[in-house]
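Here's the structure we're looking at; comments come further down.
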Amino acid sequence: MTKSQSPWTKLRRNPAAVASAIILIVVALAAIFGPGFLPAGFGEVTRNSFLPPSDQHPFGTDLNGRDLLYRVLLGARISMIVGIAGALVSFVVGIIYGMVAGYGGGQADSIMMRFVDVLYAIPRLIFLLVLISALDPLLRRGMETHGLQALIGYSKIVILILCLGLTEWLTMARIVRGQVLSLKSQQFVLAARSIGQSHFNIIFQHLLPNLIGVALVYLTLTVPAVILDESFLSFLGVGVQAPLASWGLLLSDAAQVINPVKGYWWLLVFPAIAMSLTLLALNFLGDGLRDALDPRQRR
Amino acid sequence: MLRFIATRCLGLIVILFCVVTITFFLVRLMPGGPFDRERKLPEHIEKQLLAKYKLDGPLAEQYINYLGDLVHGDLRLSTKYRSRSVNEILADSLPVSGLLGGIAFCVATIGGVFLGSLAAAEQHTWIDRTAMLAALFAISLPSFVIGPLLVLVFAIYVPVLPVGGWGTLQSLILPSITLAAPYAAYIARLTRASMLEILTQDYIRTARAKGLSENAVIYKHALRVAILPVVSFLGPLAANLLTGSIVVESIFSIPGAGSFFVNSVLNRDGFLLAGVVIVYCTLLVLFNLIVDVLYGFLDRRITLYD
């Protein structure tokens, strides 16, 4: 067998992963710059409800006469921000918790992991809803008293990012702890210890670089999971609220007005395509990364 | 074996205790109470309500009393669905969710394992690629898209199945597929990955060398070991499916228990919330126990008591 290729080369040889990366870049660019290119007033409520797709409105219009293309792009912005930021929160919490548990070992480790087990035993949806309904009024009140009224419309997004991140970290913590357990018995850690390095240094300079690859792979798989979770929350009416939009909100609006008599198919089809394309790309990219970085295959 | 089961059942009680405690205090710490309305209730009425639902007195005392009631199997009254007890509500709705979830569980497990083994056996062919692409689609699409799409196709454009409802056999088909799809996809991916690993092992080469048919090698010898990661996923899967899904149940208007998970939090209906959480946890722990026992039977190298 030839000498193992670098993960980067491996990833570039994976057509699905490359295509996914391109799709994601296109979606991100469209989300950032797209709304600026559309004529002004496309996001406003008008009387042109339920126009089918046409030259002027390529995706048609929604119940309130807003251009659906504009809404889908706006949804892309918010869904992506929530997905990425939420995944990052879970990433940080999971890594710190997992490293402390794994490195601490012994009694501390078993207590910390039992706590994770208990949290696993609570249905995630309930956990999320309780967190959201506890933190949401708190943040709102805090913003009001500190003169941030202008930003109150966005407080829900901050809450969603925090709460989704704080419920998604359990698996990350388990993965990181497992890695730390196997790493810390290796000789380089012993060597670092014997030349008198502090625990802090060992954790951040020796253990972290060794487990960051696995954690990053799981991070790319967490982003689509968080986007999916957000869409469920929006479907249930506790997520992003109009006039803001997320893909989940658009889809749940569509699911409510679709019925046998009036087939407003575009309301369901375009947001569904945008969302599933992005999620597919993220999942493909995550799978590709895992294949490229999987230590068992590198051997 | 018996000792193992006994320890785990003891563990169940500990976990239930922790979870009940967490839910009890979380609901109390949340802003807003169960009787908050647009207009504030007169004080004496609110007092009476609190007394009726045993929500008066110091928090610690309420908690102790509640634990006492739980030990006697009394889940108390729901504060939202007035004068109905949590026991009644769950007794009405859980069987519905359980039936639907049970069917979805079978569909997801059998379909997923079959698709996954097929894809692994036909690795790098179009069968493999199509199956895995379909699986990725099913994972990436939320169920409130899959559901309406299925309705659009099989109930509106080609009207062979009912749009929703409960009671007939036909009305079970679309909801159980919608519910099962993402899990079937996940299981298919798990099965494929683990099957590919197993197929490189020596005992598979031996089985092939002694002239067994390819089907016998894969479905009899390889699957028996390759299925282990799937089996360990079945515990949480069963607990999730059997307690119902609010999304699928609301799309197909099914009177199941799924909606109580969400509404009990939104209505600050603490006892109903605790009730569904207790049911969920019990199922989760019991199914995980069954899975562990099953593990021992499937793979004799694993011992449960060390």
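By convention in this document, chain letters (A, B, ...) are assigned in the order of the sequence lines, proteins followed by strands, and residues within each chain are numbered from 1.
Per-residue heavy-atom pair counts under 4.5 Å with chain B were compared for A/Ser231, A/Pro271, A/Gly248, and the maximum is reached by A/Ser231. For the set B/Cys18, B/Pro142, B/Cys281, the count of heavy-atom pairs under 4.5 angstrom toward chain A peaks at B/Pro142. Your options are B/Val247, B/Leu16, B/Ile139, B/Leu133, and the one with the most heavy-atom pairs under 4.5 Å with chain A is B/Val247.
Applying the salt bridge (Lys or Arg N to Asp or Glu O under 4.0 Å) test to pairs two or more places apart or on separate chains, none has a residue in residues 271-290 of chain B. Counting only residues at least two apart or in different chains, side-chain hydrogen bond (donor to acceptor under 3.5 Å, both in side chains) contacts with residues 124-142 of chain B comprise A/Asn283-B/Ser140, B/Asp128-B/Arg192.
At a heavy-atom cut-off of under 4.5 Å, chain B is reached by no residue from residues 164-173 of chain A.
Heavy atoms closer than 4.5 Å to chain A are found in the side chain of B/Ile246, but not in its backbone. Within the 4.5 angstrom heavy-atom criterion, atoms from both the backbone and the side chain of A/Leu280 approach chain B. Only the side chain of B/Val276 comes within contact range of chain A, with heavy atoms under 4.5 Å apart. There is no contact between B/Ser264 and chain A, counting heavy-atom distances below 4.5 Å. Only the side chain of B/Ile15 comes within less than 4.5 Å of a heavy atom of chain A; its backbone N, CA, C and O stay farther away.
Distance check: A/Asp229 CG to A/Leu125 CG gives 9.0 Å after rounding to the nearest 0.5 Å. Rounded to the nearest 0.5 Å, atoms CG (B/Leu284) and CG (B/Asn240) are 8.0 Å apart. Going from atom CG of B/Leu12 over to atom CG of B/Leu286 covers 6.0 Å, rounded to the nearest 0.5 Å.
In this view, B/Leu67 and B/Phe17, B/Val20, B/Tyr63, B/Leu70 satisfy the side chain to side chain contact (heavy atoms under 4.5 Å, CB included) rule, not counting sequence neighbours.
For CZ of A/Phe115, the number of neighbouring non-hydrogen atoms (other residues, nucleotides, ligands) closer than 6.0 Å is 12 at most.
Using bins of under 30°, 30° to 60° and over 60° for the plane-to-plane angle, the ring pair B/Phe144/A/Phe232 lands in the perpendicular bin.
A donor-acceptor contact under 3.5 angstrom links the side chains of B/Glu249 and B/Ser97, judged on distance only.
Ring to ring, B/Tyr183 and B/Phe105 are not that close: their centroids are 6.0 angstrom or more apart.
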